[in-house]
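What follows is a set of notes on a single structure, which appears directly below.
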Protein chains: 2
Amino acid sequence: MLTVHEVSELASVSVRTLRYYDKIGLLRPAMRTDAGYRLYGDEDLARLQQILLFRELEFPLKDIRRIIDDPAFDRTRVLDQQIELLELRREHIEGLITLARDIKEKGATTMGFSAFDTSKIDDYTRRAKESWGRTPEWEEYEVKSAGRTHADNKALGDELLGLFKPFGTMAAEGMDPASADAQAQARAVQAFISEHYYTCSDEVFAQLGRAYGSGGEFTSNINAAAGEGAAEFAAHAIEALLS
Amino acid sequence: MLTVHEVSELASVSVRTLRYYDKIGLLRPAMRTDAGYRLYGDEDLARLQQILLFRELEFPLKDIRRIIDDPAFDRTRVLDQQIELLELRREHIEGLITLARDIKEKGATTMGFSAFDTSKIDDYTRRAKESWGRTPEWEEYEVKSAGRTHADNKALGDELLGLFKPFGTMAAEGMDPASADAQAQARAVQAFISEHYYTCSDEVFAQLGRAYGSGGEFTSNINAAAGEGAAEFAAHAIEALLS
DNA sequence: CATAAACCATGACGTAACGTCAGGGTCAAG
DNA sequence: CTTGACCCTGACGTTACGTCATGGTTTATG
């Protein structure tokens with residue numbers, strides 16, 4: 001069990017970065033002390049290694065999370081593609097070195113911009129991401145959201161958030177999350193997601209429910225729109241519904 | 001003469017990036033058409049090449065500007081150090097590749113974090129920047145600003161901006177930038193800079209004056225604090241003073 | 001010659017991945 | 001029991017652009 005500072009030194013990342021990764025749910029420490037100090041275990045370090053490899057390849061943190069949290073995450077295959085990408089990057093650097101040498105000897109040349117072209121790397125990156133993103137839910141989401149505008153998406157999101165308001169009032173009134181009303185509302189949410197986003201099976205919904213109550217982005221968004229405690233209440237209702 | 005789009009395609013940078021580089025004064029196109037369209041010449045392309053090389057090395061744009069606008073800019077020496085840095089980067093990537101291979105074969109290892117250590121690169125980068133920044137003005141600035149707090153610097157900046165207010169009123173009243181009052185005020189600014197920042201020779205001051213009137217950051221900051229037209233008026237006054 | 005398609009401009013707002021205080025607990029050592 | 005080295009959570013700042021919104025310009029085409 002290592003503290004933030006220790007991990008920071010070991011892995012050459014800033015303490016702020018570790019706190020940030022915790023906040024966005026990319027790397028949560030295995031446990032906390034009574035005082036709230038973060039303590040990282042071996043698993044966390046392994047995960048951090050994966051994260052840093054992706055970061056070197058300039059993957060956005062959101063994508064990194066999606067990839068390594070994917071249930072279909074295949075470590076060896078991902079590593080193979082990471083190696084491939086690293087090799088492409090090495091070639092890119094080598095191109096830049098020869099360019100710099102050329103400029104030094106022959107002066108700047110108008111034709112010497114091809115070394116800055118990253119389309120090969122970008123292509124491979126895109127294909128790799130696609131190959132990792134091909135889960136059925138993702139496919140479906142792509143299809144359903146294909147024809148939507150920015151405004152459509154916002155309206156849909158607002159509508160979904162609206163479905164949480166009853167949870168907010170129920171929470172304020174101290175109702176039971178296992179009550180029929182709460183259960184019905186939970187089913188409504190599940191149906192809405194299935195209709196507009198992707199087929200929301202009980203299993204997927206259960207996982208989603210846990211995310212609602214976990215104190216992350218979901219929690220704060222929902223509570224901002226539907227009142228304090230709405231997200232946690234919803235999480236409990238969903239748990240009760242599916243167990 | 002190439003348009004933004006053409007340069008964008010040639011050099012694999014976005015049009016937005018070119019507009020941004022123009023705005024911050026990093027890469028201003030050689031000319032504009034009557035309609036205001038940017039037109040880039042050969043010099044601009046050579047400069048862009050330099051910029052992109054630095055960008056690959058993750059230099060902040062401000063530093064890039066400082067380096068290539070430095071009167072003591074030595075192209076060959078800079079290229080040598082860029083090549084050195086690129087080679088360090090290649091080694092770094094190679095370290096990551098062997099790490100990824102190791103993980104693939106033997107699983108994640110706690111000791112496998114040294115590949116993420118960039119201190120060698122950082123050290124070399126720091127030394128290179130120092131070697132480029134060692135102009136007399138810079139040294140002096142370092143010394144004079146050594147003991148200042150954040151608040152001190154803000155106060156000083158405000159005071160300097162205050163010296164531009166007379167220019168603002170003069171501009172509003174349609175006065176002549178070559179008048180004695182304007183000249184005196186310009187000398188006051190020069191003296192203030194010499195005292196609190198760095199010895200502001202006539203030559204340096206002339207260059208600074210041009211920057212005031214060039215429509216960049218200087219211009220907008222001054223005009224915001226001292227009234228519309230103050231910066232341009234100051235630029236003319238300085239020009240008149242020194243010619 | 002008009003009109004659509006493709007390009008250009010500025011301005012304003014948004015974003016990612018942190019850096020950097022500010023304000024305040026914790027804990028081992030002397 | 002205090003001091004210095006850590007830790008915490010906000011909250012605001014920064015860099016290097018992406019992304020509209022809104023509107024002028026140029027050129028290929030019917």
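Being a predicted model, the structure only gives us computed values, none of them experimental. Chain naming here is simple, since letters A, B, ... match the order of the sequence lines and numbering starts at 1 in each.
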Ion pair A/E58/A/R89, N-O distance below 4.0 Å: yes

Basic-acidic side-chain contact under 4.0 Å: A/R47, A/D42: no

Donor-acceptor pair between B/E56 and A/H92 side chains, under 3.5 angstrom: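 Checked: B/E56/A/H92 side chains pair up, N/O donor to acceptor below 3.5 Å.
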
Polar contact flag, side-chain donor to acceptor under 3.5 angstrom, A/D122-A/T118: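 Their side chains do contain a donor-acceptor pair, which is all the 3.5 Å distance test asks for.
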
Return no unless some side-chain N or O of [X] is found under 4.0 Å from OP1 or OP2 of [N].
X	N	result
A/S14	C/dG19	yes
A/H5	D/dA5	no
B/R16	C/dC8	no
A/T3	D/dC7	yes
B/R55	D/dC17	yes

B/Y37 (side chain) and D/dG24 (base): donor-acceptor pair under 3.5 Å: yes

N/O donor-acceptor pair, side chain B/R19 with base C/dT10, under 3.5 angstrom: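 Answer is no: no donor-acceptor pair is held.
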
Spacing between [X] atom [atom1] and [N] atom [atom2], to the nearest angstrom:
X	N	atom1	atom2	answer
A/Y20	C/dT20	OH	P	16 Å
B/L18	C/dA9	CG	C1'	14 Å
B/L39	D/dT26	CG	P	11 Å
B/E6	D/dT26	CD	P	14 Å
B/L27	D/dA16	CG	C1'	15 Å
A/E58	D/dC17	CD	C1'	14 Å
B/R65	D/dA16	CZ	P	12 Å
B/D22	D/dA16	CG	P	16 Å

Options C/dT10, D/dC17, D/dA11, nucleotide nearest the side-chain atoms of B/Y21: D/dC17

Any side-chain heavy-atom pair of A/Y21 and A/I64 under 4.5 Å: no

Whichever of A/V15 and B/T33 has its nearest DNA chain D nucleotide further upstream toward 5':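 This one resolves to A/V15.
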
Sugar-phosphate only, base, or nothing, as touched by A/R38 at under 4.0 Å among non-hydrogen atoms: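 Since only primed, P, OP1 and OP2 atoms lie under 4.0 Å of A/R38, the category is sugar-phosphate.
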
Sugar-phosphate, base or nothing in reach of B/V4, heavy atoms under 4.0 Å: sugar-phosphate

First encountered from the 5' end of DNA chain C, between A/P60 and A/D34: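 The residue whose closest nucleotide sits nearer the 5' end is A/P60.
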
